[in-house]
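Only one structure is covered here, and it is reproduced in the block below.
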Amino acid sequence: MSSPRPPHPFHLLSLLLLVVVPLFIVGEIAEDLFEKQRFVFETPLMQMVHAHTTPALLHFSVFLHHLGGPVVMGSVFVLIPVTLWLLRQHYLALFSLVGLGGAVVLNGLMKVFFHRARPELWPRVVVENGPSFPSGHSMFAAALMTVLTVLAWRTPWRWPVLVFGVLYTLSMCFSRLVLGVHYPTDVLAGALAGLAWVYGVYRLIGGREGYRAATAPPTDRFTEYPVGHDVR
């Protein structure tokens with residue numbers, strides 16, 4: 001029986017950068033919130049964003065608000081694992097189900113636990129109820145884009161998907177500040193938690209080995225593209 005291969009240094013680095021560091025930052029923010037400490041930079045930053053908000057930026061932020069809402073995101077979060085399951089990609093279906101569904105559960109639990117009030121700095125153009133921390137829109141955007149990046153990593157679409165995912169997540173995060181419905185630490189913690197959760201799930205349920213076994217064609221012509229590793 002052959003002994004298991006040691007982890008590739010790149011994979012250890014990806015765990016550090018995509019799971020450990022994000023969770024550390026989220027933990028630091030959560031600890032300060034739990035101790036009722038205030039982040040003095042947040043209100044001035046939000047007021048600066050509001051002062052420079054144009055009508056076009058406001059309309060775009062409202063569009064992202066509806067795009068990232070429960071109706072659209074709920075449909076997408078169900079459609080992806082169901083489609084993968086019907087395509088007999090059972091490993092990827094499980095990964096996307098746990099990654100996306102778990103992000104929803106985790107976000108809800110964190111909101112209930114911290115119960116942070118939303119900012120009230122100016123009249124809102126959208127209706128948002130419930131606790132503020134962490135931002136659900138930001139967390140779900142990061143979770144969705146991480147899932148899509150993992151799914152596309154062993155295809156020619158990996159870099160376009162990655163770039164689009166980063167831009168989409170950043171836009172969603174910024175739009176929550178434009179609309180005045182979240183504090184900066186809400187969106188930062190939400191995005192980092194979504195990223196860490198999904199990538200952590202990916203590694204826990206098999207990582208590149210499970211993905212390769214699920215997606216490799218008979219010729220296994222893509223085996224040189226493990227997720228998170230660039231071919232030199």
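- Phe41 contributes atom CZ, which lies 11.5 Å from atom CE of Met48 (distance to the nearest 0.5 angstrom).
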Determine whether Leu64 and Ser171 satisfy the following criterion, side-chain contact (heavy atoms from CB on, under 4.5 Å), listing intermediate values before the conclusion. CA-CA 8 Å; Leu64 289 178; Ser171 298; 4.0 Å; yes
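- Among all heavy-atom pairs drawn from Val147 and Ser96, the shortest one is CG1-CB, 4.0 Å.
- Clustering of Ile, Leu, Val, Met, Phe, Trp and Tyr side chains at separations under 4.5 Å places Leu86 together with Val78, Val82.
- In this structure, the ring-ring contact (aromatic ring centres under 6.0 Å, His included) partners of His50, at least two apart in sequence or on a different chain, are Trp122.
- Here the CH2-CG distance, from Trp85 to Leu87, works out to 12.5 Å after rounding to the nearest 0.5 Å.
- Taking the side chain as every heavy atom from C-beta outward, Trp153 and Leu162 approach each other to under 4.5 Å.
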All N/O donor-acceptor pairs, side-chain side in residues 25-40, below 3.5 Å, sequence neighbours left out:
{"residue": "Glu35", "atom": "OE1", "partner": "Gln37", "partner atom": "NE2", "Å": "2.8"}

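- Distance check, rounded to the nearest 0.5 Å: OG1 of Thr43 to OH of Tyr183 gives 6.0 Å.
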Can you check side-chain hydrogen bond (donor to acceptor under 3.5 Å, both in side chains) on Tyr199 and Ser14, steps first, answer last? CA-CA 9 Å; Tyr199 193 75; Ser14 69; 2.7 Å; yes
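- Contact annotation: the side chain of Leu177 approaches that of Pro184 to within less than 4.5 Å [non-hydrogen atoms, C-beta and beyond].
- Residues Leu148 and Ile80 are in side-chain contact: their nearest non-hydrogen atoms beyond the backbone lie under 4.5 Å apart.
- Every side-chain hydrogen bond (donor to acceptor under 3.5 Å, both in side chains) that Thr185 has, sequence neighbours left out, goes to Glu42, Arg116.
- Summarising the geometry, atom CZ belonging to Phe114 is positioned 5.5 Å from atom CE belonging to Met110; distances are rounded to the nearest 0.5 Å.
- The side-chain heavy atoms of Leu67 and Phe63, taken from C-beta on, include a pair separated by under 4.5 Å.
- Grouping the Ile, Leu, Val, Met, Phe, Trp and Tyr side chains by contacts below 4.5 angstrom, directly or via other members, places Met46 apart from Val187.
- A donor-acceptor pair under 3.5 Å is formed between the side chain of Arg118 and the backbone N or O of Val181.
- Other members of the cluster containing Leu167 are Val163, with ILVMFWY side chains joined at under 4.5 Å, either directly or via other members.
- A 4.5 Å side-chain heavy-atom check between Val49 and Phe174 finds at least one atom pair inside the cut-off.
- Here the straight-line distance linking atom CZ of Phe60 with atom OG1 of Thr53 works out to 13.0 Å at 0.5 Å rounding.
- Thr169 places no side-chain N or O within donor-acceptor distance of the main-chain N or O of Val166, the cut-off being under 3.5 Å.
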Anything under 3.5 Å between a donor and an acceptor, one on a side chain of residues 126-144, the other on a protein residue two or more places apart or in another chain? List them.
{"residue": "Glu128", "atom": "OE2", "partner": "Arg176", "partner atom": "NH2", "Å": "2.7"}
{"residue": "Ser132", "atom": "OG", "partner": "His182", "partner atom": "ND1", "Å": "3.2"}
{"residue": "Ser132", "atom": "OG", "partner": "Asp186", "partner atom": "OD2", "Å": "2.3"}
{"residue": "Ser135", "atom": "OG", "partner": "Ser138", "partner atom": "N", "Å": "3.1"}
{"residue": "Ser135", "atom": "OG", "partner": "Ser138", "partner atom": "OG", "Å": "3.0"}
{"residue": "His137", "atom": "ND1", "partner": "Arg176", "partner atom": "NH2", "Å": "3.3"}
{"residue": "His137", "atom": "NE2", "partner": "His65", "partner atom": "O", "Å": "2.9"}
{"residue": "His137", "atom": "NE2", "partner": "Gly68", "partner atom": "O", "Å": "3.4"}

Pair Val19, Arg203 - check side-chain contact (heavy atoms from CB on, under 4.5 Å), show working. CA-CA 10 Å; Val19 178; Arg203 299 304 305 179; 5.6 Å; no
Can Leu100 and Val104 be said to form a side-chain contact (heavy atoms from CB on, under 4.5 Å), step by step? CA-CA 7 Å; Leu100 298 174; Val104 174; over 6 Å; no
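- The hydrophobic clustering, which links ILVMFWY residues whose side-chain heavy atoms are closer than 4.5 Å, places Val105 and Tyr202 apart.
- There is a path of hydrophobic side-chain contacts, each under 4.5 Å, that joins Leu84 to Met145.
- Atom CG of residue Leu179 and atom CG of residue Leu57 lie 8.5 Å apart, to the nearest 0.5 angstrom.
- A 4.5 Å side-chain heavy-atom check between Val98 and Ile205 finds every atom pair outside the cut-off.
- If you chain together hydrophobic residues whose side chains sit under 4.5 Å apart, Leu97 and Leu106 never meet in one group.
- Taking 4.5 Å as the limit, some side-chain heavy atom of Val198 sits within range of a side-chain heavy atom of Phe95.
- Val125 is not connected to Leu121 by any chain of hydrophobic side-chain contacts under 4.5 Å among Ile, Leu, Val, Met, Phe, Trp and Tyr, and they are in different clusters.
- Here the side chain of Trp197 pairs a donor or acceptor atom with the backbone of Gly99 at under 3.5 angstrom.
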